[in-house]
Chemist: 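Here's a structure for you.
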Protein chains: 2
Amino acid sequence: MAYEIAIAALGDPTRRAILEALRARPLPVAALAAELPVSRPAVSQHLKVMCAAGLLTCTPSGARRIYAIDPAALAELRDWLDRLWDDALTSFADAARAQARRSGDPA
Amino acid sequence: MAYEIAIAALGDPTRRAILEALRARPLPVAALAAELPVSRPAVSQHLKVMCAAGLLTCTPSGARRIYAIDPAALAELRDWLDRLWDDALTSFADAARAQARRSGDPA
DNA sequence: CAATCTCGTAAGCCACGACTTACCGTAAGT
DNA sequence: ACTTACGGTAAGTCGTGGCTTACGAGATTG
């Protein structure tokens, strides 16, 4: 049910860049902003959205907060995609079969 | 490389609704618009974007055009998600290991 | 050929959201 | 306690894109 919020969050290029930056290792906000072409508050706002979407986890460590990718959200997204992919393949096969029947293969 | 355009296209709720409508069977534009709360030209514009993103295929059939989900784009998206998921799990395990070491488990 | 159905495109409006600067808490270091 | 680093929030600007209505092009039917 939350996959909709997650995939909507992934629509923004900056947020995908954040994901790519966190792909290797968790990072605090300042380090994250240093790798991106936008200001630190902008990153902070994106992080808020991504945390709400379940895409990231936030771990306070003293004065700083470490953000990391939450694999659970990705798993849910993957499941949704898998089901969609499966249905698409099925309806694709159905369409092909109907097409063949229409083209003179009625047996 | 095209997965970025595809996932950006999936960011819009109306486009996801189009995907859901095409999930069972391919449809022409008018039938698609009838199931959605927006006008037919709006649907047409979304279809254009989704075709450009590789998410849909367009098959002219006389005066009408039949749109269907293209499984290939979904496969590419799935691969991207899988790799991201894998990296996230790895860095998650790394972080847990580093944390354990820091908490007095040096052997 | 005329009438109608199909659909894409153009023009314009409007809201949403991404970004910036400025500010204020909170934690660590001296 | 003062100072410095870290980071979330508020307020405001501005571009982007999703929607609508109006129109035009091609196919089908009579």
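All values derive from a computational prediction rather than experimental measurement. Letters A, B, ... are given to chains in the order of the sequence lines, protein chains preceding strands, and every chain is numbered from 1.
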Chemist: For the pair B:R16 (side chain) and B:L10 (backbone), establish whether a donor and an acceptor sit closer than 3.5 Å, ignoring hydrogens and angles.
Modeler: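 Yes, the answer is positive, given that a donor and an acceptor are paired below the 3.5 Å cut-off.
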Chemist: Can you name the closest pair of heavy atoms from B:A9 and B:A53 and give their distance?
Modeler: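 Heavy atoms of B:A9 and B:A53 come nearest at CB-CB, 4.2 Å.
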Chemist: Between C:dG8 and B:K48, is there an OP1 or OP2 to side-chain N/O distance shorter than 4.0 Å?
Modeler: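 Negative; the distance criterion is not met.
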Chemist: Is it true that atom CH2 of B:W85 has more than 12 heavy atoms of other residues, nucleotides or ligands lying nearer than 6.0 Å?
Modeler: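 No - once you tally the heavy atoms of other residues, nucleotides and ligands closer than 6.0 Å, there are 12 at most.
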Chemist: Verify the contact: side-chain N or O of B:Y67 to OP1 or OP2 of C:dG8, cut-off strictly under 4.0 Å; return yes or no.
Modeler: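 For C:dG8, OP1 or OP2 has a side-chain N or O of B:Y67 closer than 4.0 Å.
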Chemist: Measure the distance from CE on B:M50 to C1' on C:dG8 and round it to the nearest whole Å.
Modeler: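 The answer, rounded to whole Å, is 17 Å.
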Chemist: Flag the pair B:E35 and B:R25 as a salt bridge only when some basic side-chain nitrogen lies within less than 4.0 angstrom of an acidic carboxylate oxygen.
Modeler: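 Judged by the 4.0 Å cut-off on N to carboxylate O distance, B:E35 and B:R25 do form a salt bridge.
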Chemist: Taking side-chain contact (heavy atoms from CB on, under 4.5 Å) as the criterion, tell me which of A:L55, A:L27, A:V43 meets it with A:I18.
Modeler: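 The residue from A:L55, A:L27, A:V43 that satisfies side-chain contact (heavy atoms from CB on, under 4.5 Å) with A:I18 turns out to be A:V43.
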Chemist: Hey, which sits more toward the 5' end of DNA chain C by its nearest nucleotide, B:R65 or A:A63?
Modeler: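 Checking each residue's closest nucleotide, the 5'-ward one belongs to B:R65.
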Chemist: Expressed in angstrom and rounded to an integer, what is the separation of B:L47 atom CG from C:dC7 atom C1'?
Modeler: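 Value for this atom pair: 10 Å.
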Chemist: Just how far, in rounded Å, is P of C:dG17 from CG of A:L10?
Modeler: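 Distance, rounded to whole Å: 15 Å.
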Chemist: Restricting to non-hydrogen atoms, name the atom on B:I69 and the atom on B:L56 that form the minimum distance, rounded to 0.1 Å.
Modeler: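 Minimum heavy-atom contact is CA-CD2, 3.8 Å.
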Chemist: Can you tell me how far C1' of C:dG8 sits from CZ of B:R64, to the nearest Å?
Modeler: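 From B:R64 CZ to C:dG8 C1': 16 Å.
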Chemist: With 3.5 Å as the limit, what N/O pairs link the protein to nucleotides 19-24 of chain D?
Modeler:
| residue | atom | partner | partner atom | Å |
| --- | --- | --- | --- | --- |
| D:dC19 | OP1 | B:T14 | OG1 | 2.9 |
| D:dC19 | OP2 | B:H46 | NE2 | 2.2 |
| D:dT20 | OP2 | B:S39 | N | 2.7 |
| D:dT20 | OP2 | B:S39 | OG | 2.6 |
| D:dT20 | O4 | B:Q45 | NE2 | 3.1 |

Chemist: Please report, rounded to the nearest Å, how far the C1' atom of C:dA27 is from the CD1 atom of A:I66.
Modeler: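 So the two atoms are 14 Å apart, to the nearest Å.
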